[in-house]
Amino acid sequence: MIPVVDLRAQYQNLKSEMDAAIEEVLREGSFIRGQACQRFETEFAAFCGVSSACGVANGSDALFLALKALGIGPGDEVITTPFSFIATAEAISRNGARPVFADIDEKTMNLDPRAVASRLTEKTKAIIPVHLYGHPAPMEDLARISRDRKIEIVEDAAQAHGAEYQGKRAGALGDVGCFSFYPTKNLSAAGDAGIVISNDSTLVERVRLLANHGERSRYEHLLEGVSSRLDSLQAAILRVKLRHLNAWNERRRQLATIYLQELEDVSELRLPRETPGCRSVYHQFTIRTKRREALRRHLETNGIASAIHYPLPLHLQPAYASLALEKGSFPVAERTAEEVLSLPIYPELSEHDVRQVAKKVRDFFST
Ligand SMILES: Cc1ncc(COP(=O)(O)O)c(C=O)c1O
């Protein structure tokens, strides 16, 4: 079976480096916010081109804490895409604010700036663009909307470590950037981990406080917070992997190019296209077809796994029934959710396997 992602491959290739890093943490015995955490924060901030970073327990908390640090709460509205993982919207509702969805752009599957503009109210405090599948959202247009209105841009960069927009890296494009290091991500931990980054060091220090019970010094709590710290073992593993991230992203791009070449003339398919000025890191290689279910079955019969990101837009999830948004509210997101299919892509995947997947996709549409 060709899997969608192989979570054992990185350890097989980096075993000695990773074992040494883990052993160092175990010997040191500082397991939460230890030296490895501080080093990783510095290195990841530099990688993204910002001044500050605070490691947290996961990407969901990164978003939740970024909004909390910005003072967003009950009575506030935050605009985001309905075509994302639920954590994006949960970060808003967990703070007591209201998620306001805006439809996506047909071509990029990211937020449509015109739809965002139409959803603005006096209560809008932030916009959360998601760089879906590793492709940057239209940040310039969103900046134009938020400028002069005191609306913060909180990037959900959980799928976009190293992606670039006009030469700047994802996470460094808005007011604050949030990342997940969930095991399937382009940069991944051996468990849960996340980070908040910004050029606003005061904001990042507020996240640091909130992520550790509002504690300034031992048992002195300036405010009520949560327990959401990065642990040293994850940070040590992330430090090793960060050194390989550029090469891994480059490899993903090479594999994506092969898919694009091999599938170019399949007229029934819509392929992911880079917007000018954007550099995708192909967290997913997601195609669109009206015959998705049949294609998925055909691939499975031929030993090829695929995945659907995401089958149901957020506004139609039972969890958001209270928003009373019916089918038809966001037609582009709804149509896209019915058509998307993610093909295998990860740095260790061989070119031979990519060509094999592409061939089976082509065979399906030629019969
Ligand atoms: C777009 C997006 N946002 C947020 C998250 C949440 O990250 P985590 O699973 O680390 O909490 C994820 C990944 O799982 C994601 O893909």
Side-chain angles (χ1 to χ4, degrees), residues 4-5 7 40 44 53-68 78-95 99 101-102 104 108-111 126-137 139 142 153-163 170-171 173-174 176-197 207 211 226-231 233-235 237-238 241 252 272 280-286 307-315 317 319-320 333 336-337 340 342 345-346:
V4 177
V5 59
L7 297 185
F40 176 65
F44 192 70
C54 175
V56 295
N58 52 65
S60 307
D61 281 1
L63 289 160
F64 165 72
L65 290 163
L67 292 178
K68 193 171 236 11
V78 178
I79 301 175
T80 194
T81 165
F83 195 53
S84 180
F85 181 58
I86 193 169
T88 315
E90 279 174 336
I92 305 165
S93 36
R94 279 170 74 196
N95 273 302
F101 296 117
I104 57 171
T108 64
M109 297 179 273
N110 281 325
L111 267 179
I127 301 169
I128 310 184
V130 179
H131 307 304
L132 196 72
Y133 308 146
H135 188 289
M139 298 303 288
L142 295 175
I153 304 242
V154 178
E155 294 175 67
D156 182 340
Q159 304 185 1
H161 319 72
L173 303 164
V176 51
C178 304
F179 290 84
S180 162
F181 302 118
Y182 186 78
T184 55
K185 302 300 191 218
N186 286 34
L187 178 61
S188 63
D192 278 314
I195 204 164
V196 177
I197 68 165
V207 167
V226 296
S227 171
S228 182
R229 297 158 307 220
L230 178 62
D231 74 65
L233 280 171
Q234 299 306 345
I237 288 166
L238 288 164
K241 291 194 183 184
R252 282 175 184 269
S280 173
V281 287
Y282 292 96
H283 173 59
Q284 303 293 350
F285 188 88
T286 304
I308 299 173
H309 306 103
Y310 298 90
L312 191 64
L314 298 177
H315 66 286
Q317 293 284 354
Y320 284 112
T336 305
V340 282
S342 301
I345 193 159
Y346 52 94

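We count ligands from 1, going down the list as the structure has it; atoms in each ligand are counted the same way. In what follows, residues are counted from 1 in the order of the sequence shown. Quantities reported herein were computed from a predicted structural model and do not represent experimental measurements.
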Short question: side chain of [X], backbone of [Y] - any donor-acceptor pair under 3.5 Å?
X	Y	result
Glu155	Gly174	yes
Ser228	Val56	no
Asn186	Val281	yes

Check your understanding: Quick one: do Asp61 and Lys68 make a salt bridge, cutoff under 4.0 Å?
Key ->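 Judged by the 4.0 Å cut-off on N to carboxylate O distance, Asp61 and Lys68 do not form a salt bridge.
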Point to revise | Residue-ligand contact Ser84/ligand 1, heavy atom below 4.0 Å | key: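 Yes.
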May I ask you to identify the nearest protein heavy atom to [atom], giving residue, atom name and distance to one decimal place in Å?
atom	result
atom 6 (C) of ligand 1	Ser60 OG, 3.4 Å
atom 3 (N) of ligand 1	Asp156 OD2, 2.7 Å
atom 14 (O) of ligand 1	Lys185 NZ, 3.3 Å
atom 15 (C) of ligand 1	Ala158 CB, 3.5 Å

Review point. Backbone, side chain, both or neither: what part of Asn58 comes under 4.0 angstrom of ligand 1, heavy atoms only?
Key: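 Both backbone and side chain.
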**Study point:** Ligand-residue contact atoms, ligand 1 with Gln159, heavy atoms, under 4.0 Å
**Key:**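 By the 4.0 Å cutoff, the relevant atoms are 1 (C), 16 (O).
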Check your understanding: Quick one: which ligand 1 atoms are inside 4.0 Å of a heavy atom on Ala87?
Key ->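 Listed by number with element, the hits are 4 (C), 5 (C), 6 (C).
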Review point. Around Tyr182, counting heavy atoms of other residues, nucleotides and ligands shown, do more than 12 lie under 6.0 Å from its OH?
Key: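 Count not over threshold, so no.
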Check your understanding: For the residue pair Phe44 and His161, does the interplanar ring angle fall in the parallel (under 30°), tilted (30 to 60°) or perpendicular (over 60°) class?
Key ->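 Geometry flag for His161 against Phe44: perpendicular rings.
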**Study point:** Step-by-step side chain to side chain donor-acceptor pair (under 3.5 Å) determination, Ser93 to Tyr320
**Key:** CA-CA 10 Å; Ser93 36; Tyr320 284 112; 2.9 Å; yes
Practice item. Kindly identify the option in Ser188, Ser180, Gly191, Ala89 whose heavy atom sits closest to atom 7 (O) of ligand 1. Key: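 Minimum heavy-atom distance to atom 7 (O) of ligand 1 goes to Ser180.
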Review point. So is there a nitrogen or oxygen of Val130 less than 3.5 Å from a nitrogen or oxygen in ligand 1?
Key: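 No: no nitrogen or oxygen of Val130 is under 3.5 Å from one in ligand 1.
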